[in-house]
Asker: 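To start, I am sharing the structure in question, which I have written as structure tokens.
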Amino acid sequence: MKKILITGGAGYIGSHTAVALVNAGYEPVIIDNFSNSEKSALAGLNKICGREITSYEVDCLDRSGVERVFVENDFSGVIHFAAFKAVGESTRNPLKYYTNNVDSLLILLETMSKFGVRDIVFSSSCTVYGQPEVLPVKESTPRQLAESPYGNTKKICEDILVDYIKSGADSRIVSLRYFNPVGAHPSSEIGELPIGVPANLIPFVTQTAAGIREKITVFGNDYNTPDGTCVRDYIHVMDLADAHVKALAYLSDQKDNFYDIFNVGTGRGNTVLEVIQTFEKVSGQKLNYEIGDRRPGDIEKVWANTDKINNILGWDAKYSLEDSLRDSWNWQKRLSERIV
Ligand SMILES: NC(=O)c1ccc[n+]([C@@H]2O[C@H](COP(=O)([O-])OP(=O)(O)OC[C@H]3O[C@@H](n4cnc5c(N)ncnc54)[C@H](O)[C@@H]3O)[C@@H](O)[C@H]2O)c1
């Protein structure tokens with residue numbers, strides 16, 4: 001079985017990708033420092049997989065710790081999820097974000113080179129597009145100035161990967177630009193664990209329905225969109241996980257020294273009000289929401305053109321918005337049971 005290192009594998013997308021890798025016959029090995037996750041995620045993961053997934057409590061900035069993991073395992077590839085991701089915090093503490101998100105990639109690339117591991121899938125984001133002029137947005141659409149230090153770390157990391165390949169490095173790399181990951185594993189054993197007040201819509205919706213938050217504020221209803229609220233492309237986390245499996249298989253067919261980028265979205269945009277109405281339908285819960293002012297820095301609308309990933313990786317989103325919101329809600333109910 002091919003061993004794949006998953007950095008940040010106890011986190012939201014990493015844990016679901018570990019499940020997808022096991023289902024596809026790979027052996028995932030996780031490293032995580034649990035700065036934004038809980039060890040209980042590993043228990044949920046083991047339960048779904050029916051066996052213990054190897055994991056190390058290691059910080060990706062600890063070069064000798066990372067090297068130790070490479071000494072103990074013969075990896076055929078790496079998926080690099082480990083990063084900080086809170087946009088607001090990144091504007092208050094940019095150095096924390098630049099250090100963690102950029103240095104972890106550098107240390108990983110150097111370690112991979114030292115141990116002769118060539119293939120890496122990097123977690124990028126649609127944030128690199130800013131507000132695109134033409135929608136749906138394609139991989140060839142020029143990136144824009146980042147709206148936040150977090151977004152800039154994704155641009156910088158993509159640039160590092162491009163320069164690394166240009167230098168002739170014996171490496172094969174895919175950057176996946178995620179749109180808005182939502183949902184949870186249908187078993188509700190793993191899901192998103194927002195620490196503190198969620199900055200993303202879906203955890204806010206499910207926490208409001210669960211009575212943890214009093215109400216949702218919809219930031220602006222005067223945008224140039226069908227109902228005036230912002231539009232995003234919500235992708236189920238299991239579909240996103242599957243894209244990583246497809247990306248690894250794709251890399252294994254490429255020549256040495258290779259780089260490519262794919263959007264990972266559904267190709268459909270939904271407004272905030274559509275999300276709220278769909279959630280109410282699938283959960284049977286009435287949501288308390290109000291319309292507030294626009295939030296500075298919010299993009300009006302963005303959704304993916306998915307032709308490239310559909311045609312080249314043979315990947316397509318299978319889950320609907322209803323599926324995503326139902327799974328998010330079931331996960332929230334599981335979390336609420338734990339607290340009681
Ligand atoms: N969730 C999203 O909306 C979204 C969108 C686009 C891109 N991404 C990117 O996808 C990746 C995964 O996101 P997620 O939503 O699963 O986040 P997450 O916070 O749930 O998972 C990240 C994991 O990395 C770990 N981690 C962070 N720094 C580390 C370090 N130095 N060493 C070891 N472990 C470390 C955290 O403890 C956490 O378990 C990130 O790179 C993120 O920027 C996420």
Side-chain angles (χ1 to χ4, degrees), residues 5-19 29-42 44-45 55-63 65-66 69 78-90 96-108 111 120-129 146-158 161 175-185 190-196 198-204 232-238 240-241 243-244 262-265 299 302 304 324 328 331:
L5 175 65
I6 312 186
T7 73
Y12 176 41
I13 306 168
S15 57
H16 291 80
T17 301
V19 174
V29 172
I30 288 172
I31 67 178
D32 205 298
N33 65 358
F34 301 101
S35 55
N36 196 40
S37 51
E38 287 178 3
K39 293 191 178 147
S40 60
L42 299 179
L45 177 59
S55 63
Y56 294 83
E57 184 163 357
V58 166
D59 193 313
C60 291
L61 301 182
D62 169 10
R63 187 184 293 269
V66 174
V69 178
V78 174
I79 309 180
H80 184 41
F81 293 105
F84 293 143
K85 64 170 182 177
V87 173
E89 188 192 37
S90 81
K96 176 177 168 182
Y97 276 67
Y98 285 114
T99 302
N100 197 41
N101 295 8
V102 179
D103 285 359
S104 62
L105 177 66
L106 296 175
I107 289 171
L108 198 56
T111 311
I120 177 167
V121 178
F122 173 69
S123 297
S124 191
S125 167
C126 69
T127 185
V128 300
Y129 296 119
E147 298 273 344
S148 70
Y150 165 72
N152 210 21
T153 67
K154 294 294 169 193
K155 278 182 75 181
I156 291 170
C157 287
E158 285 192 356
L161 295 171
S175 288
L176 294 180
R177 291 179 177 159
Y178 312 155
F179 280 68
N180 289 66
V182 290
H185 190 268
I190 53 174
E192 187 172 10
L193 263 188
I195 293 176
N200 292 338
L201 176 64
I202 308 302
F204 217 102
R232 297 288 179 274
D233 184 335
Y234 295 98
I235 170 87
H236 194 290
V237 66
M238 288 310 300
L240 178 54
H244 293 80
F262 294 94
N263 286 341
V264 197
I299 301 299
V302 65
S324 298
S328 291
W331 167 243

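Note that ligands are numbered from 1 as they come in the structure, with each ligand's atoms numbered from 1 the same way. Every heavy atom of this structure was used, including side-chain atoms; hydrogens, water molecules and symmetry mates were not.
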Asker: Do the non-hydrogen side-chain atoms of Ile120 and His80 ever get within less than 4.5 Å of each other?
Answerer: yes
Asker: Just wondering, do Val19 and Leu45 contact through their side chains at under 4.5 Å, heavy atoms?
Answerer: yes
Asker: With the side chain counted from C-beta on, respond yes when Tyr234 and Leu201 share a heavy-atom pair under 4.5 Å apart, and no when they do not.
Answerer: yes
Asker: Mind jotting down which protein residues get a heavy-atom contact under 4.0 Å with ligand 1? Chain and number order, please.
Answerer: Gly8, Ala10, Gly11, Tyr12, Ile13, Asp32, Asn33, Phe34, Ser35, Asn36, Ser37, Val58, Asp59, Cys60, Phe81, Ala82, Ala83, Lys85, Asn100, Ser123, Ser124, Ser125, Tyr150, Lys154, Tyr178, Pro181
Asker: Which residues satisfy the ring pair (Phe, Tyr, Trp, His ring centres under 6.0 Å) test with Tyr12, sequence neighbours excluded?
Answerer: His16
Asker: Under a 3.5 Å threshold, yes or no: a donor from one side chain and an acceptor from the other, between Glu89 and Tyr97?
Answerer: yes
Asker: For a quick check under 3.5 Å, do Glu158 and Ser175 share a side-chain donor-acceptor pair by atom type?
Answerer: no
